[in-house]
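Taking it in order: structure first as structure tokens, then the write-up.
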Amino acid sequence: MDSERSMTKPTTGDFTKTAGWLDWYANPSKPRFQLPPGAVDAHCHVFGPGAEFPYAPERKYTPCDASKQQLFALRDHLGFDKNVIVQATCHGADNSALVDALKASNGKARGVVTVKRSITDAQLQAMHDAGVRGVRFNFVKRLVDFTPKDELLAIATRIKAWNWHVVIYFEAVDLPELWDFFTALPTTVVVDHMGRPNVDKPVDGPEFELFVKFMREHPNVWSKVTCPERLSITGPKALHGEQNAYTDVIPFAKRIVDEFPDRVIWGTDWPHPNLKDHMPDDGLLVDFIPHIASTKELRHKLLVDNPNRLYWNV
Ligand code: 0GY
């Protein structure tokens, strides 16, 4: 979305939300689609609160605060059993807010952190004990400064010993350049938001075919079939009262679910940083799921079997 590209860098210590950004949806509806028992919201964040867990000096944006209590209340309201909390760039490599949320979750949350090469084994072990199961490498240029690939590869090699995986976030246009690095990663690799396809392009066109090939040729690669609200060009206009919002994203997500049913997971992306045009009602986002996972069996894999296997080893 254009709004994601027009950021102004915040001043360190000023925790005022980046101008123009929307707050998360305060009173989400109750989904019509009833989530199966054991369903996992496998991509969400906690932000601050900034007064307790300050945002990183190097951040490119300041989000609205989104606390662990608010995340857990959303989980219960929507009918999820558990959460996977993913480190966002606004907290840099300081994972304290995330780890604090994991510890408060009574085992109902796992985490994906951002670390530097200097991380010690004792620190990795402490994070593992709190529920961390992966590291995130972010290649979205508007969100992060460049990290040398040898540093990332060294981290991936270290975390393999804890049986963690690597989550990668990138835009479709950058996949060719990143291909060799991604395919050399020694762990399970989980792609955020289907590698951010441009949904204006054909679902069977060269850009998305490359992503499908990436998954087809590399059985260690998984995908989050997430973020219709970020990827959609037609937008949410049908969302309120109708069933078919974000229709332009459906063919992309459905294709991935149909072809790789055992390597897909789903999440809300709450509290939806960087949105200016509209803020999704998380209840209605859950109602998007049956459009991309068309059978009960597929939905069970997507929401229950796959994330529980990846994050809880069950
Ligand atoms: C997301 C999306 C975004 C932000 C981040 O780490 C982040 O700052 O993930 C985005 O702006 O696309 O995955 O929630």
Side-chain angles (χ1 to χ4, degrees), residues 1-10 15 17-25 41-48 50 53-66 70-71 74 83-98 101 111-116 132 134-147 152 166-175 189-199 222-233 235 246 249 253 265-280 282 285:
M1 283 193 167
D2 285 347
S3 62
E4 292 186 327
R5 303 208 167 90
S6 54
M7 295 184 192
T8 42
K9 199 163 177 160
F15 296 147
K17 185 180 58 162
T18 299
W21 287 14
L22 297 169
D23 285 329
W24 43 274
Y25 205 95
D41 177 352
H43 185 92
C44 49
H45 309 285
V46 286
F47 292 149
F53 299 106
Y55 298 112
E58 72 274 20
R59 70 194 182 282
K60 308 286 188 204
Y61 65 85
T62 305
C64 55
D65 286 339
Q70 289 163 328
L71 175 65
L74 180 76
N83 296 111
V84 179
I85 306 173
V86 177
Q87 178 77 351
T89 54
C90 54
H91 274 301
D94 177 354
N95 301 284
S96 335
L98 186 153
V112 174
V113 293
T114 297
V115 298
K116 297 193 169 151
V132 173
V135 292
R136 190 183 198 205
F137 297 163
N138 197 320
F139 300 90
V140 177
K141 294 177 180 119
R142 67 187 159 77
L143 291 173
V144 281
D145 299 324
F146 177 76
T147 305
L152 297 177
V166 174
V167 170
I168 50 177
Y169 191 24
F170 61 94
E171 304 198 302
V173 68
D174 296 321
L175 180 55
V189 173
V190 183
V191 179
D192 278 341
H193 320 333
M194 300 179 283
R196 288 199 69 118
N198 178 349
V199 300
W222 294 43
S223 181
K224 297 179 193 170
V225 285
T226 34
C227 279
E229 76 285 4
R230 256 175 222 294
L231 302 175
S232 181
I233 293 161
Y246 310 123
V249 181
I265 54 179
W266 192 88
T268 55
D269 192 33
W270 186 88
H272 313 284
N274 294 345
L275 294 183
K276 259 186 187 165
D277 301 332
H278 79 283
M279 181 53 64
D282 295 277
L285 269 185

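These numbers were taken from a predicted model, which means no experiment stands behind them. Atoms within a ligand are numbered from 1 in the order they appear, just like the ligands themselves.
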Carefully, step by step, assess D174 and R196 under the rule salt bridge (Lys or Arg N to Asp or Glu O under 4.0 Å).
CA-CA 10 Å; D174 296 321; R196 288 199 69 118; over 6 Å; no
For M194 and V225, what are the C-alpha separation, side-chain angles and deciding distance, and is it a side chain to side chain contact (heavy atoms under 4.5 Å, CB included)?
CA-CA 6 Å; M194 300 179 283; V225 285; 4.1 Å; yes
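Every atom of ligand 1 is numbered from 1 in the order shown, and the set under 4.0 Å from a heavy atom of A88 is 6 (O), 7 (C), 8 (O). With ligand atoms numbered from 1 in the order given, ligand 1 contributes 1 (C), 13 (O) to contacts under 4.0 Å with heavy atoms of H193. Near N274, with a cut-off below 4.0 Å to any heavy atom, the atoms of ligand 1 are 10 (C), 11 (O). Taking every heavy atom of R196 and a limit of under 4.0 angstrom, the matching atoms of ligand 1 come to 12 (O). Near H43, meaning under 4.0 Å from any of its heavy atoms, are these atoms of ligand 1: 1 (C), 13 (O), 14 (O). Those atoms of ligand 1 with a heavy atom of N138 less than 4.0 angstrom away are 6 (O). Of all atoms in ligand 1, numbered sequentially from 1 with element shown, those under 4.0 Å from a heavy atom of P273 are 4 (C), 14 (O).
Note on ligand 1: H45 sits in its first shell, one or more heavy atoms being nearer than 4.0 Å. At least one heavy atom of L143 sits closer than 4.0 Å to an atom of ligand 1. Within the 4.0 Å heavy-atom shell around ligand 1 one finds R142.
H43 is listed as a side-chain neighbour of H193, based on a closest heavy-atom distance under 4.5 Å. In this structure, the side chains of F15 and P54 come closer than 4.5 Å at one or more pairs of heavy atoms. Looking at C64 and W24, their side chains come closer than 4.5 Å, going by heavy atoms from C-beta outward. Proximity of T89 to K60: side-chain heavy atoms (C-beta onward) are nowhere separated by under 4.5 Å.
Taking any N or O of Q87, backbone or side chain, none lies under 3.5 Å from an N or O belonging to ligand 1.
To the nearest 0.5 Å, atom CG of residue L74 and atom CG of residue D282 are 5.0 Å apart. Taken from CG in D41 to OG1 in T268, the straight-line distance is 3.5 Å, to the nearest 0.5 Å.
When heavy-atom distances to ligand 1 are checked against a 4.0 Å cut-off, D192 has no atom that comes that close, whether in backbone or side chain. Here K60 has no heavy atoms under 4.0 Å from ligand 1, in either its backbone or its side chain. Heavy atoms of T89 found under 4.0 angstrom from ligand 1 belong to the backbone as well as the side chain.
Taking the six-membered ring for Trp and the full ring otherwise, the centers of F53 and H45 sit at least 6.0 Å from each other.
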